[in-house]
Protein chains: 2
Amino acid sequence: MAALAGVSTGTASKALNGRGALRPETRQRVQQAAEQLGFVANAAARSLQTGRTYTVGMITTDSIGRFSIPLLIGAEDALGAGQMSVFLCDARDDPIREQYYLRTLLSRKVDGIIVTGRRTQARAPIGVGLPVPVVYAFISSADPRDCSVVPDEIDGARRAVQHLLAVGRRRIAHVTGPEHHHSATVRARATAETLAAEGLQPAAPTLYGEWSEAWGRQAAGILLSTGADVDAVFCGSDQIARGLVEGMQAAGRSVPADVAVVGFDNWDVMVDGCRPALTSIDMDLEGIGRSAAELLLATINGNPVHGRQTRPCRLVPRASTAV
Amino acid sequence: MAALAGVSTGTASKALNGRGALRPETRQRVQQAAEQLGFVANAAARSLQTGRTYTVGMITTDSIGRFSIPLLIGAEDALGAGQMSVFLCDARDDPIREQYYLRTLLSRKVDGIIVTGRRTQARAPIGVGLPVPVVYAFISSADPRDCSVVPDEIDGARRAVQHLLAVGRRRIAHVTGPEHHHSATVRARATAETLAAEGLQPAAPTLYGEWSEAWGRQAAGILLSTGADVDAVFCGSDQIARGLVEGMQAAGRSVPADVAVVGFDNWDVMVDGCRPALTSIDMDLEGIGRSAAELLLATINGNPVHGRQTRPCRLVPRASTAV
DNA sequence: ATGAAAGCGCTAACAT
DNA sequence: ATGTTAGCGCTTTCAT
């Protein structure tokens, strides 16, 4: 290729990378030759020389899914601008696999690693004294020195409750996932505290169950059969909320007239599929992914950021809480 | 590291890669030294030497989502066994982005490329005369010489109809997505042909609409208001099917007693969320991904496979068609 | 059974 | 402004 352009390889390198002091016409001649031959620089050789790969690894500890994808897209967004690519590794909640992928990423000399998962709960650091920076996204690291970007679930729950209060509801119940699940307890506590701050009691004790529509339907039955006086329910997930709406309707209650309902996740297929469309809390997963990638870039570029960063949630009002 | 083990770099390389003729004790000593130092071979240097990267690129033309993920997991499965990793690139349906990623992958000297997308329709080849093998998964290439792995949607539709016949239904309607959508028309035609082969007419003309629950609900209304005599509906997607079930129930029809319903995709959150649980057609996306990766590996290893490979679908019976 | 040395394709420092 | 050259870290002949 350098031969075709009639220059040395060194000159060609400078021409293609916009470095050095070259005559514009030389630069152009090289670019033309590269074009003509479909030449693309060998990234491996470049990495070997420069020590940078312009690649970051992303390890999702839980199986790739609804949460990982927006995180990935957000990260790609932030990294794509810097011409960097993402290596996605699905560890499937298996520590062996996780360490295997970690080794793979290290052998590939990625410039950094983003660790994500399905739960927001803090997890053991993926490694100590690693030769590359690591940022945790959505999940956080148990080591407070590590950099983590997580949704502010307390903020999310607060927004949900305050929205229900704003549309005039006072007898608010909370239905959520398993009690041993971090998100469930965090959101439940924030719900209770927000109500308490307004001088209100929950309309019923928090109902813990599964993250499923079936549980939402069941929970509707429980609320009605215990005769709880409820005019709104904040649910820990959109699936629970959708099930609950169906359960309420099956029992002759109208949503939102009799009972207003707020979900959590703002998962399109759930909020749109629900009749009426579901008001929900959006954790802005893309934003979290973007933010994590930006912090990783900062660290790579020598401006390390430490600690747990939280990002606010957003309420998306829809018909299920319309006044 | 070689120094720690007291050998030359050449010997160390042989020890770690299980090549050459070494004394077992030497081999062990090197492995120990590597362990101790947390040494991992630099993949870039290795690639430079061997010309192989043990990496394949995966370009999804549509935004990463419900279809791409199982395909990716299947591909990872097949490739992981061979110690290969996957570079996931989301071209977001943008040809510019797609070509950009193609260049990136080529510069990274991936051993092969898998191209996927959200639609099964044939697409223009991603490039011609590429220096690496390419396999299309789920989508197919318009060039019949290219290797593509696609679901046999005709088979899927046939299984759906035959299942409905097997549970005693005769007045079968079909509700599906947009008429300009390849999958919609292919499945509709196969539905009609399967019925015809049994000497039956569709209970109503095919209803084309959107891939949404809302359309399913609406379609139920249309079927009922036109007075069509229907005892079963095969829907082009699980979302449509779920909406249709709700619409039928809202109009006082019982599923499956009055109307049996079959969906398409076997998407867990839809089939489980639906009451009654939804019988559906599974395209085995993971299998398609795995298959594509295996064919890619074969091609990389010098046994190229050409042409469009179809893979059968699977019917998963649930309560919505229970007898 | 092991070591020495060449070279993969590129970049960067230095020479011209 | 351009060419020359020495490595980056590994694998792989070829000697020993």
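What you are looking at is a predicted structure, and each value in this text was computed from that prediction instead of being measured. Sequence lines set the chain letters: A, B, ... in the order given, protein chains first and strands last, and positions in each chain run from 1. Only heavy atoms go into these numbers, but all of them, side chains included; no hydrogens, no water, no symmetry mates.
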Worksheet entry | Upstream residue (5' side of DNA chain D) when B:Gly10 and B:Ala45 are each assigned their closest nucleotide | B:Ala45
Worksheet item: Please give, in whole Å, the distance from C:dG9 P to A:Phe39 CZ?
Response: 10 Å
Worksheet item: Can a side chain N or O of A:Arg23 be found less than 4.0 Å away from OP1 or OP2 on D:dT2?
Response: yes
Worksheet item: Any chance the side chains of A:Arg46 and B:Ser107 put a donor and an acceptor closer than 3.5 Å?
Response: no
Response to the item:
Separation of C:dG3 atom C1' from B:Leu22 atom CG, nearest Å, is 12 Å
Item to complete: Report the relative orientation of the aromatic rings in A:His181 and A:Trp211; use parallel for angles under 30°, tilted for 30 to 60°, perpendicular for over 60°.
Response: perpendicular
Item to complete: Could you check how far CG of B:Leu48 sits from P of D:dT11, rounded to whole Å?
Response: 11 Å
Item to complete: Please determine if a side-chain N or O atom of B:Asn42 lies less than 4.0 Å away from the OP1 or OP2 oxygen of D:dC8.
Response: no
Worksheet item: What nucleotide among D:dG3, C:dA1, D:dC10 has an atom nearest to a side-chain atom of B:Ala21?
Response: C:dA1
Fill in: Atom-to-atom span, CZ of A:Arg27 to P of D:dT2 - whole angstrom
9 Å
Worksheet item: Which sits closer to the 5' end of DNA chain C, A:Thr9 or B:Glu25, going by the nucleotide each is nearest to?
Response: B:Glu25
Item to complete: Give a yes or no on whether a salt bridge exists between A:Asp77 and B:Arg92, defined as a side-chain N under 4.0 angstrom from a carboxylate O.
Response: yes
Fill in: Side chain of B:Lys14 - closest among C:dT2, D:dG9, C:dC10
C:dT2
Discussion item. Side-chain N or O of B:Thr11 versus OP1/OP2 of C:dG3: is the shortest distance under 4.0 Å?
Written reply: yes
Worksheet entry | Side-chain N or O of B:Thr50 closer than 4.0 Å to phosphate OP1/OP2 of D:dT11 | no
Fill in: Value in whole Å for how far the P atom of C:dG9 lies from CZ of B:Arg46
18 Å
Worksheet item: Do the side-chain N or O atoms of A:Arg19 get closer than 4.0 angstrom to the phosphate oxygens (OP1, OP2) of C:dT11?
Response: no
Item to complete: Provide, to the nearest angstrom, the distance between the CG atom belonging to B:Leu16 and the C1' atom belonging to D:dT11.
Response: 12 Å
Worksheet item: Out of D:dT5, D:dT11, C:dA4, which nucleotide sits closest to the side chain of B:Gln49?
Response: D:dT11
Worksheet item: Side chain of A:Arg290, backbone of A:Ala78: donor and acceptor closer than 3.5 Å?
Response: no
Discussion item. Any carboxylate oxygen within less than 4.0 angstrom of a Lys/Arg side-chain nitrogen, looking at B:Arg97 and A:Glu76?
Written reply: no
Discussion item. If I take atom CG in residue A:Asn17 and atom C1' in nucleotide C:dA12, what distance separates them, rounded to the nearest angstrom?
Written reply: 11 Å
Item to complete: Answer yes or no: does a side-chain N or O of B:Thr26 lie under 4.0 Å from OP1 or OP2 of C:dT2?
Response: yes
Worksheet item: Counting side-chain heavy atoms from CB outward, which of D:dC10, C:dG9, C:dG3 is closest to B:Val7?
Response: C:dG3
Response to the item:
Taken to the nearest whole Å, CZ/B:Arg52 to P/D:dT11 is 14 Å
